[in-house]
Amino acid sequence: MSRTSCEAAGIEGLGVLDLFVALVLQIVYGIANLVLISMGLAIIFGMMRVINLAHGEFLMLGGYTVVISTNHGVNLWVAMLILAPLVVGIIGIIVERALIQFLYGRMVDTLLATWGLSLLFIGLVTTIFGAQTETTISPPLGAIQIGGYTSSVYQLVLILIAIVLSLAVYAVLKLTRLGLVARATMQSADMAAALGVSTKRIYMITFGLGAAVSGLAGGLLAPITGVLPNIGVTYIAKAFITVISGGAAILAGTTSASILLGGINGIVSYATGPTIGEVALLAAAIVLLRAMPRGITGRFFRKSL
Amino acid sequence: MNWGRENRWRVAVVIVGLAFTLIAPAALQLFTIINLTTAIALALLALSLALIWGYGGILCFGQTAFFGLGAYAYTVAAINFGGTTWAVLVAVLVAAAFAAVLGYFVFYGRVSDVYMAVITLTATLILYNLIRRTSGPEYKIGHALLGGFNGVTSPPLNLPWAPYSMLFPQHVFYVGMLALILGYIFCAWLVQTHFGRVSVAIRENETRAELLGYDTRLYKLGLFTIGGALAGIGGILFCNGVGRVTPDVFRLDFSAQAIIWVIVGGRGTLLGPVLGSFALFYVTSWLGTQSAVNNYLVLGIILIAFVLGVPRGLLPTVVGWWDAGRSRRAMQRREMRLRRRRGGRASTAGEAAHEG
Amino acid sequence: MRGEIVLETRNLSMHFGGVKAVDRVNFNLWENELRCLIGPNGAGKSTFFKCLTGQLAPTAGEVVIRDFTATGREPHEVARLGVGIKTQVPSVFDGLTVEENIWLSARKWHGRARSQSLTRDTLERLQLGDIRSDLVGRLAHGQRQWVELGMVVAAEPWLVLLDEPAAGMTHEETERTADLIREMNRTATMIVVEHDMQFIRMISSRVTVFHEGQILIEDTMDVISADPRVREVYLGHRRQ
């Protein structure tokens, strides 16, 4: 929502405080949005230095899983929180075994092959389900009043889930054995292998987890954005920009970049509309990369997770 | 160094191209000729990517950005000027300028190749989104409405400084083929100049090029700008071939196709991607006429198959087999000569051990 | 022997996070010297080297080459001063021929004709004539090192920085490299980072020993090899 759309809706009587709250909420939601769509890519990129251009399609597949399963009677929350990550996680593992594992170390080739994969998924989904969706789901949980401003409860829930997701990723990486082994492999694969770690399995699991997180995010966003075969395209740009602006650290990088870029996007969108907001996001990322070519965590918070 | 053999092939290619230009309008239907003009426009896009990526090692996923900008700039300028003479120049300058600005940020920021690829792709997607929303009457540059997702009709090319002498499709075909052939000659010349050789060296090892004293950022910027200009020229022809320019020039699968031409045709050659673009143009046109298999699906499979199976592309692989065959035959001849010579001398213990 | 100082670092430091790879190094190099930098792994030699060539921008301190402040400059600017650089891992153009590699180096400084003759001379001098048309990527390691040395020679530098020129070479190749370096020293000032003590004895007079990012001692090879501190740094404490 922008200032102009508020005025267009004839919302009268909104005090300055209400508008401020509305703006803050929008920006925080935008940041949470970025975190959700980028986390999966950050896990894969941060751990394996693999740039997965099919990331947007993982999100898309998560969305489709939710829409199709709810059409067949599955409970919405089960579909979003369990089914979507599961399905896309499995797809991720298949992709890693069938394609990615042959291209480790070949960054450009990985880029190209995953782009081919992205096209393949779009084509496959279009062929099976058609270019338009038959049904959409509306965001659950209705609306809530905050002062004079009406907000969608679902948006607030998404903000919460984004926070929980970040904490969960932190917990897994810092507190579990899998996380420790994975971090070791990320820092020095040879050393980890010498210690008896099956790096192949770690990569497979990591890729699968990253895909699962992407599927989760895509499923959660399905009620808001709708599902189309090529909706992944709108995600990949923002997710990618956020991840490389963030830098090598998975969690600190994604969150700091999301806050910075999401904030700029939110403010500019409010002032001038969503399209210019996106331009502002890209411009901000380009300027940021010019100043810090290794991303935010290449310069600050270097030792963080 | 040893450009002799390659140049002889190139001259042959140019002659074939010229012959084709002269014969085609007589031999083919008008509809095919118009279609070909569009294919030629895409071939110029392929040529630009072959130059910057195949030779220069600059991986740009969004080369269609300059193509599309050239198309839109030409159309808008031609509508405003009432003639196409200066519009052509404006279009090329706009495409080149955009490439220069983007290139400046990427190369002088020392952003890595991989990021470069995605940043350019993102720029293209943003252009797509921006232009698609320009449907209303308030979106115009001068007299020209931008037209949103329907696009704008493009004024056909006219004879220089004669706005009312518009070229017939057949003549546009000539102009297109001439542009392609001249573009090919220009690129072939460029890669043999010192500038071109350094660009290739930068692709091989940027650090070493710097340590020799070359300012690699400047070379990459120059090459990228030239590539942008070439793509812009392709855009101009595209408008003429199709008759209008729409936001679809900035679409994702279009950018993908450009990359596929170079991968399929071969990196490190100019001709390969050009031929690849013609081939893929006809494949995708044919696919478009029948709805059984989806465009994206086929492109995706082709891309994956080639990255995994034929990473150097068709032309270099075929040439490689040919060369390997030649050197194998040369080695066999050498060995025969050596054996004949040895047969006349008493063999030493060492040689006997070798033979055994 | 002492002429003017041609390269100087003042309080040069390079920190990576908490690690002080180079720690407040003051270094002087006189004209026509052939100085070797040695030290155990991780002592900071190669990091120091990269600060000189412009490949790394130091965290603090200055690098001055003749009168030019080279600190944090781009590598091509340093190279253009007339500095020839050979990196630790051979940095060559794998997809080009030996001749093209050397030609590109010469061509930076001269026109086409002079570059041709310079390339020819360099190929002869380094005995690379036989493999002039071979792709560098296909050559053996020792030959690739020599191609890189050829590129350095062809630029006719007055200051030459070599990082492990004899690494991975056979005994015969090492001797030839030592000869070449001595020959280059007739017209150029040189810094050679090396591990191989035998090799250093073949070429050098003065040696600078690095340890934990700082200069431990700077003297002739004989004095250094007798110094107990150096032994300790390389071999660890002697058990009593």
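Computed over heavy atoms, backbone and side chain alike; hydrogens, waters and symmetry mates excluded. Each chain gets a letter, A, B and so on, in the order the sequences are listed, and its residues count up from 1.
- Within the 4.5 angstrom heavy-atom criterion, atoms from both the backbone and the side chain of B:F61 approach chain A.
- In this structure, the portion of B:I259 lying under 4.5 Å from any heavy atom of chain A is its side chain and not its backbone.
- You'll find the side chain of B:Y296 stays beyond 4.5 Å of the side chain of A:T126, heavy atoms only.
- Of the options A:V108, A:L99, A:T114, A:D109, a side chain to side chain contact (heavy atoms under 4.5 Å, CB included) to B:V307 is made by A:D109 and by none of the others.
- A 6.0 Å sphere centred on CZ of B:F105 holds no more than 12 heavy atoms belonging to other residues, nucleotides or ligands.
- Of the two parts of A:L124, the backbone and the side chain both hold a non-hydrogen atom closer than 4.5 Å to a non-hydrogen atom of chain B.
- Counting heavy-atom pairs under 4.5 Å between each of B:A305, B:S255, B:A117 and chain A puts B:S255 at the top.
- Contact annotation: the side chain of B:I304 never approaches that of A:L119 to less than 4.5 Å [non-hydrogen atoms, C-beta and beyond].
- Chain B forms the most heavy-atom pairs under 4.5 Å with one residue out of A:V279, A:N230, A:I244, and that residue is A:I244.
- Contact between B:I301 and A:L120 at its shortest, heavy atoms only, is CG1-CD1, 3.6 Å.
- Ranked by heavy-atom pairs under 4.5 Å with chain B, the first of A:L112, A:I122, A:V233 is A:L112.
- For B:L130, the parts lying under 4.5 angstrom from a heavy atom of chain A are both the backbone and the side chain.
- In this structure, chain A has a heavy atom under 4.5 Å from the side chain of B:L121, while its backbone stays farther away.
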